[in-house]
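Here's the structure we're looking at; comments come further down.
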2 protein chains.
Amino acid sequence: MDDSTLLSTISAALPKLKKSEAKVAKVILEDPDTATRSSIAVLAAAAGVSEPSVNRFCKRFGAGGFPDFKLRLAKSLVSGVRYMSRAVEMSDDVETYPGKLFDNTVNALVQARETLPTSAIAEAVDYLAQAKRLLFFGLGTSAAVAKDAEHKFFRFNVPVSTYEDPLMMRMMATSGGVADVFFFISHTGRTKVLVEAAAMARETGAIVISLTSANSALAKQSHCTIELAESENTEEYLPMTSRIVQLVIIDTLTTGVTLKHGEKLLPHLARIKESLQDTRFPSEEE
Amino acid sequence: MDDSTLLSTISAALPKLKKSEAKVAKVILEDPDTATRSSIAVLAAAAGVSEPSVNRFCKRFGAGGFPDFKLRLAKSLVSGVRYMSRAVEMSDDVETYPGKLFDNTVNALVQARETLPTSAIAEAVDYLAQAKRLLFFGLGTSAAVAKDAEHKFFRFNVPVSTYEDPLMMRMMATSGGVADVFFFISHTGRTKVLVEAAAMARETGAIVISLTSANSALAKQSHCTIELAESENTEEYLPMTSRIVQLVIIDTLTTGVTLKHGEKLLPHLARIKESLQDTRFPSEEE
DNA sequence: ATAATGATGTAATTTTGTAACATTCCGGTA
DNA sequence: TACCGGAATGTTACAAAATTACATCATTAT
């Protein structure tokens, strides 16, 4: 129903489209506003394809037909979010670059959403729900993600720890056992320390899960890999959106574990929340 | 061009309309959403008028014709609460809840994007760019955000540190000086330790910036507050999207500082990137 | 090399919107 | 009241657009 991200969806699906459909997509992405005002014939001509191809394109994206598609497209244009990745320029000012960063992040999420590794998530949730001990490893930016994961999983009744010190990582990796789950987070999946630690952990009989890019060295050492696209970040001053995706995956995993544990966990979570009350000033309204 | 008030325009003009046009207006006002999906024939029948009457009605309101009118109508309907959060249900399975989480996150970002505190960001960037020392404070989930910020700001030639230990926070807060910037991250803005640390830091003459909810106790202690909406998170098992927004704000700030420093910083960033090469296995393609 | 499958285009059909024209309705005047 | 002028609405016919069904072409596997 709500398709505020139609354009991102299209640009995310671009590589998977058939030749003629891709042509249509390109024309639409180039000037979506004009597209909403064009007839199917005009659009088909602009894309260099036949009219039914345009129609098929529309249906592929959930529309009932061309007019319906135009309607959705028009609606999606109202929202301030821009679809394509817009690089931050040196000449940008405060009015422009924050919006770009938000847009890029949104696009990264929408893109990731399109290709969610569902079965890997399910598998990881199974492992995580049964773990007697949980260890999250990440370096650099991924260390922050690991820390976040630690906080989230702490809520279940499982011992959790995070390490970002390479030496500690190795030490902990050798201390693994069959009931332990080692969780590695790495954008590239090529960080030496992590790959080695994963191999060591695996030898102890522990379960190794990784959140990294497909077919990476790290993935090869894992029992279960949640694969994320290793998007390019060419510009030095364009921050990585990948860690945001990683964090939402962490959310997904904790949610999965919560759902698996079922209602019986809720009182426990409520107790944790309650215990935080004393650390806060009362809110204004109260 | 932008007719986000089309419906009210119509209802305002109602008394001045001719009989048949009034009928059309009534039908449209009654169920605008259906109207956008109807053909001119259906709408004419529903209003009990002829098709050209509908067409004339459309032109009267500035549209080029019926299709154009529908487009404008559709756009005008988008405004307001268009982003529904879909709560995760206990009955959800792995095919459904991951998507919901991504959607919710995207919605949070889009919403935040619409109300970006631009001037506060600009101000914060000014402070951060001039800082001789940077300290990030956050507890719980916000500790992960602080850690992320630390990694990001480390790239500039400034000493950065993060603390999540309350005692260390207090100690560091008292050690502040005029050239220091203390950056506090808190969703609620009511965490006692943080508020107190902020007050202490402020007394030392240091700059206090906070990333928190508007009008909170923490905000009151800050020289500069980047205000974020304190969204409700009622369900225990629905992870918070707020920290994602916080992270993108961190991205925004680092970008802002980078832009402020200008091109001269790029070689330095390149050097950092290069220095990481040795820690990685070569990628497959190379 | 060829059959089978899927992608794309062509042509015919149906639906939809619009313009030109016809009719009706209403207010004013003899 | 009858009649006229002009505006408002409807009818009809046409043009444009969209969709379906079908044919052709390309691609892959055997």
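Numbers restart at 1 for each chain; the letters A, B, ... are given by sequence-line order, proteins then strands.
For the helix from C:dA1-D:dT30 to C:dA30-D:dT1, the axis fitted to the five pairs at one end and the axis fitted to the five pairs at the other end meet at an angle of 10° (nearest 10 degrees).
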> Nucleotide by nucleotide, 5' to 3', does protein get under 4.0 Å of the base (B), only the sugar-phosphate (S), or neither (-) in nucleotides 12-27 of chain D, counting heavy atoms?
Replying inline: -----SSSB------S
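With sequence neighbours left out, the side-chain hydrogen bond (donor to acceptor under 3.5 Å, both in side chains) criterion links B:Arg60 to B:Glu21. By the side-chain hydrogen bond (donor to acceptor under 3.5 Å, both in side chains) test, A:Thr105 is found to be paired with no residue, residues two or more places apart in sequence or in another chain being considered. A:Phe136 meets the ring pair (Phe, Tyr, Trp, His ring centres under 6.0 Å) test with A:Phe153, A:Phe183; sequence neighbours excluded. In this view, A:Phe137 and A:Tyr163, A:Phe182, A:Phe184 satisfy the ring pair (Phe, Tyr, Trp, His ring centres under 6.0 Å) rule, not counting sequence neighbours. For A:Thr204, the side-chain contact (heavy atoms from CB on, under 4.5 Å) partners two or more places apart in sequence, or in a different chain, are A:Ala206. For A:Phe57, the ring pair (Phe, Tyr, Trp, His ring centres under 6.0 Å) partners are A:Phe61, A:Phe69, not counting sequence neighbours.
In terms of phosphate contacts, A:Ser53 brings a side-chain nitrogen or oxygen within less than 4.0 Å of OP1 or OP2 of C:dG9. The side chain of B:Ser50 places no N or O atom within less than 4.0 Å of a non-bridging phosphate oxygen (OP1 or OP2) of D:dT11.
Salt-bridge annotation for B:Arg243 and A:Asp148: present, with a side-chain N of the basic residue lying under 4.0 Å from a carboxylate O of the acidic one.
Atom CZ of B:Arg60 is separated from atom P of D:dA7 by 13 Å (rounded to the nearest Å). Going from atom NZ of A:Lys23 over to atom P of C:dT8 covers 8 Å, rounded to whole Å.
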Quiz: residues 44-55 of chain A side-chain donor-acceptor pairs under 3.5 angstrom, not counting sequence neighbours:
from: A:Ser50; atom 1: OG; to: A:Ser53; atom 2: OG; distance (Å): 3.2

